Amino acid sequence: MKKPFVTLERLQEIVREHPTPFHLYDERGIRENARALLQAFAWNPGFKEYFAVKATPNPQILKILREEGCGVDCSSLTELMMSQRCGFAGGEVMFSSNDTPAEEFSLAAKLGATINLDDITHIDFLKDTIGYIPKKISCRYNPGGTFTLGESKEGFQVMDNPGQAKYGMTRPQMAQAFTRLKELGAEEFGIHAFLASNTISNEYYPALAAILFQTAVELKEETGVHITFINLSGGVGVPYRPEQPANDIAAIGQGVRKAYEEILVPAGMGDVSICTELGRFMLAPYGHLVTRALHHKHTHKEYVGVDACAANLMRPAIYGAYHHITVMGKEEAPHDHMYDVTGALCENCDKFAVDRMLPEINTGDLLVIHDTGAHGHAMGYQYNGRLRSAEILLQMDGSTRLIRRAETPEDYFATAVWD
Ligand SMILES: *Cc1c(COP(=O)(O)O)cnc(C)c1O
């Protein structure tokens, strides 16, 4: 059973001050999880997590993660600007983008970010844009084909399609790129790959690491470059469904360590630093979308309309993603009603749940939609004139802090030309 990180009583106090809907974040959960990640990779002295800003681009969240020793992974101009304003600089910033505009490379270089090139043509594009090739540089690898992990012991299979993904360079391009970058003055090299998303398996990172470590050993032999870091990127998932097991980050860290000791250390590459760019794993479970039941509708199906909509959380609408729902105060009640839980958008996909068994919902009930801390508010949009909600931090001492106000009609109108 998934348990909210806030009680009904506390939530009732919070909604007196902050009207629904809003995203609520659990500072304690964020900090404890970040510490567990760092602990899992403590065997690697150079380890660093670069939080994928796109997952939860809120300055206060970034500052909490910075206090826990994390850097940031940016992929756009505004993400770089936000990170800069939060105090991240130099070695704390990874820039992993694709189809990159020149101005973004310029700002990344100005911040001293580690630039992770998505394509071989970006070498000359970067050099022409900023006038030089940074001493430390990374290239994104795409091995093509399909990536599968055999059925894990928990029964969940990991499968993804790198061959259909627009990201990264082929294996021959990786060797060409390293050779060219070395000629242009690069001294420290990194390899990055992202082969599967939201994996629920302790085997994903170790399997990816083994591929990248082996590739690193080969590339070092072929090109003679000094590879100093390997970036496992994102993709470690969270159990959105209550029956799914959670990843064990300590086991994942040990799995990567085993591959490191088997492949890199014998090749004389025991000084390589491991980086990660986790987004979902760092934040998803520590965010709730809090919403209230507004309407009941009984037609061909049973509908409960809430005051949040896909503009606040898009994943169910665009991927049919499952997000668990707790009807606050009715955790123990029989789940004997089948509902579609909908928002107000004029789009039939605007449903947080379809045919979901829930306790009987009364108008005014508070609902917690789970695991919205990553790719939740961040993916918000304004279709139908629905505005993005507030973000609230539940702090370590139990008090709340508004960390982003809700948009107002004035915000929505501000970009239009009226006369
Ligand atoms: C989205 C993204 C991440 C984070 O992915 P998660 O699945 O949220 O962990 C990391 N790196 C890059 C380059 C990304 O695009």
Side-chain angles (χ1 to χ4, degrees), residues 25 30 33-34 36-37 40-41 48-58 61-62 65 70-80 82-83 92-100 104-105 108 113-119 122 137-142 147 158-162 164-169 190-202 204-205 208-209 212 229-240 244 246-247 249 252-253 256 274-287 313-315 318-319 321 323 371-379:
Y25 300 97
I30 295 169
N33 182 64
L37 171 71
F41 285 90
K48 195 159 182 79
E49 151 71 4
Y50 296 85
F51 174 66
V53 175
K54 74 163 192 266
T56 322
N58 184 296
I61 300 289
L62 298 187
L65 290 170
C70 300
V72 278
D73 170 42
C74 300
S75 59
S76 67
L77 189 71
T78 45
E79 289 177 4
L80 285 166
M82 181 183 285
S83 300
E92 292 178 312
V93 186
M94 186 70 68
F95 184 59
S96 297
S97 78
N98 70 94
D99 188 22
T100 312
E104 303 190 358
F105 275 140
T114 303
I115 293 176
N116 181 27
L117 296 172
D118 181 68
D119 186 50
H122 291 189
I137 194 98
S138 171
C139 290
R140 183 164 182 169
Y141 175 43
N142 182 336
F147 178 84
V158 172
M159 209 177 86
D160 229 313
N161 252 325
Q164 297 295 321
K166 65 174 177 171
Y167 312 105
M169 308 185 197
I191 306 178
H192 168 284
F194 192 150
L195 301 187
S197 199
N198 191 31
T199 58
I200 300 288
S201 164
N202 295 337
Y204 169 64
Y205 254 10
L208 169 67
L212 290 183
F229 60 105
I230 287 178
N231 186 342
L232 303 176
S233 76
V236 175
V238 298
Y240 286 101
Q244 285 176 310
N247 282 318
I249 198 64
I252 290 172
V256 174
I274 304 296
C275 325
T276 55
E277 299 172 339
L278 295 169
R280 193 188 313 272
F281 181 79
M282 302 304 286
L283 251 300
Y286 315 110
L313 175 68
M314 221 178 170
R315 298 185 70 258
I318 58 172
Y319 318 121
H323 278 265
D371 302 311
T372 64
H375 314 295
H377 188 280
M379 289 173 81

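Quantities reported herein were computed from a predicted structural model and do not represent experimental measurements. Counting starts at 1 for both ligands and their atoms, in listed order.
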>> Assess the residue pair Tyr204 and Leu232 against the criterion (side chain to side chain contact (heavy atoms under 4.5 Å, CB included)); give the C-alpha distance rounded to whole Å, side-chain angles, the decisive distance to 0.1 Å, and a yes or no.
In response: CA-CA 10 Å; Tyr204 169 64; Leu232 303 176; over 6 Å; no

>> Go through it in stages, so that I can follow the logic: the residues are Thr56 and Met282, the test is side chain to side chain contact (heavy atoms under 4.5 Å, CB included), and I'd like the CA-CA distance, side-chain angles, deciding distance and then a yes or no.
In response: CA-CA 10 Å; Thr56 322; Met282 302 304 286; over 6 Å; no

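Taking any N or O of His375, backbone or side chain, at least one lies under 3.5 Å from an N or O belonging to ligand 1. Ligand 1 has an N or O atom lying under 3.5 Å from an N or O atom of Gly279, backbone or side chain. Close N/O approach between Ser96 and ligand 1 is not found [any backbone or side-chain N/O within under 3.5 Å].
Annotation: atom 5 (O) of ligand 1 to nearest protein heavy atom, Phe194 CE1, 3.5 Å. For atom 1 (C) of ligand 1, the nearest protein heavy atom (residue, atom name, distance) is Lys54 NZ, 1.3 Å. Of all protein heavy atoms, the one closest to atom 13 (C) of ligand 1 is Glu277 OE1, 3.4 Å.
Remark: distances from the non-hydrogen atoms of Gly235 to ligand 1 include one below 4.0 Å.
In this structure, Asp118 contributes its side chain and Asp99 its backbone to no donor-acceptor pair below 3.5 Å. A donor-acceptor pair under 3.5 Å is formed between the side chain of Asn247 and the backbone N or O of Thr199.
At a 4.0 Å heavy-atom cut-off, ligand 1 does not touch Phe281 at all. If you look at Ala55 next to ligand 1, there are no close heavy atoms at all, none under 4.0 Å. For Asn198, no heavy-atom contact with ligand 1 is shorter than 4.0 Å.
For ligand 1, the atoms closer than 4.0 angstrom to any heavy atom of Arg140 are 13 (C).
Between the side chains of Glu277 and Ser96, at least one donor N or O lies within less than 3.5 Å of an accepting N or O.
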